[in-house]
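Residue numbering restarts at 1 for every chain, and letters A, B, ... go by the order of the sequence lines. Everything quoted here is computed from the prediction, not taken from an experiment.
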Amino acid sequence: MKRNLLVVLILILGITLMLWSGVSAYRERRIALQQAEANHVALVPDNAAGSNPNTVAAADADPDSPAAQGLLDLRGKLAPGFTLKTPDGKKVSLADYKGKAILVNFWATWCAPCKLEMPWLIDLQQRYAAQGFTVLGISEDDPPFAQVSTFAQKMGVNYPVLIGDDTVGHAYGGVDGLPTSYYIGRDGKIVVETAGLVSKSEIEDNIKKILATKGS
Amino acid sequence: MLRRSLLIPLLLYCCALPLPALQSQWQPRDPGMDFGSGSAHGEKQWVQMESPQDWTLPSGRPQVLALNFQVDDGLHVNSHTPRSPYLIPTTLTLDAPAGVHVTGLQYPQAKDAHFVSKDTQSVYMGALPILVHLQARPGVYSVQGKLRYQACDNQMRVCNPPRTLLFTLRVTAR
């Protein structure tokens, strides 16, 4: 009888210890969760143009900075290289245009402001190509890509149009809102970046800036 | 006698074993994991669903559910019938299980808008109610829904990439 009582007591003690450890582990988890929530900082700005959480800190300082436009600040850095295909399957690399001033323009057929700036880009391509300038239009459309070709032909596009992929957009900091443009100097470095539609004169000024750069 | 007296504590012991595991389920849920509706990849959405997701309706008779969506301030989305074939229409898709028959969808009247360009665009802004005509046999159903849209700002400065808003309707037909 005594032995039975001893066994029961030991078991009760064991259960009590287990309950205590369970409760204390639960409390620790709760404290850890509360600390994690307290340390969480929302870095995403609530703007219509999309956002890049890496760029928010500088957004307040300069309203015209890439950060304020929701872009990663790539100015002064070498433009990320890429090799993409045209809608008819021809491969085109950024490296093919070494020494030239390049406007990399992300666009899509469904993007009305892109359609609005397209005639400006066509005109500027025509006027500045002889000085070593080119536009590279990177389409962010989903398949089928035949519509990209049809659209570009209909608009009279006179510069290479390429089919973008996630890798390129990611390399340029995650292109979200369209149009987004990167102006690359003759030395391969990004000079200006813009998100959203800007005036034709602003585009032209930026082209003049990259034409004035020297090759490396 | 000995066996019986040992059996009861042993049973108690076994019952107590899963307690720590159960406790992990009692902890508060991560608020970031609570998706009522959302996108496939947790992407930012520019249209929100505002109507309830639980519906109770009489069975065996034609019914109309009003699904209310809201386009974020300062933005517009293309209507269900945009004026250009290149523009992405707003499209509601419902995957109705057996027992629920969706007989039609009714999109709201679109607005003709002139933004920066000369083109007239057929768009939705603000409230975006879509009527769903359906009939259901008695039962409780889960209806998966998708709203595909493409939004631009009203200054026509930036267009956001197309998005799909995923949601689930719980339909009880009595």
Could you state the interatomic distance from [atom1] ([X]) to [atom2] ([Y]), rounded to the nearest 0.5 Å?
| X | Y | atom1 | atom2 | answer |
| --- | --- | --- | --- | --- |
| Asp141(A) | Ile88(B) | CG | CD1 | 7.5 Å |
| Arg157(B) | Leu178(A) | CZ | CG | 12.5 Å |
| Cys152(B) | Leu197(A) | SG | CG | 11.0 Å |

On a heavy-atom basis, the closest approach of Pro161(B) and Trp110(A) is CA-CH2, 3.5 Å
Where Met156(B) and Ala112(A) come nearest, the two heavy atoms and their spacing: CE-CB, 3.7 Å
Interface moiety of Gln121(B) toward chain A, non-hydrogen atoms closer than 4.5 Å: side chain
Heavy-atom proximity to chain A below 4.5 Å, by part of Asn78(B): neither
Qualifying salt bridge (Lys or Arg N to Asp or Glu O under 4.0 Å) pairs with a residue from residues 124-135 of chain B, counting only residues at least two apart or across chains: none
Taking atom [atom1] of [X] as the centre, does the number of heavy atoms from other residues, nucleotides or ligands within less than 6.0 Å exceed 12?
| X | atom1 | result |
| --- | --- | --- |
| His101(B) | NE2 | no |
| Arg174(B) | CZ | no |
| Asp166(A) | CG | no |
| Lys146(B) | NZ | no |

Checking Tyr86(B) against Thr150(A) for the side-chain contact (heavy atoms from CB on, under 4.5 Å) test, could you report, in this order, the C-alpha distance in whole Å, the side-chain angles of both residues, the deciding distance, and whether it holds? CA-CA 10 Å; Tyr86(B) 293 106; Thr150(A) 311; 3.7 Å; yes
What part of Glu140(A) lies closer than 4.5 angstrom to a heavy atom of chain B: side chain, backbone, both or neither? neither
Suppose we screen for side chain to side chain donor-acceptor pair (under 3.5 Å). Which residues come up paired with Thr86(A), at least two apart in sequence or across chains? Asp88(A)
Considering only heavy atoms from C-beta outward, does the side chain of Cys159(B) approach that of Cys114(A) to under 4.5 Å? no
Working for salt bridge (Lys or Arg N to Asp or Glu O under 4.0 Å), residues Lys44(B) and Asp176(A): CA-CA 11 Å; Lys44(B) 180 175 169 61; Asp176(A) 207 3; over 6 Å; no
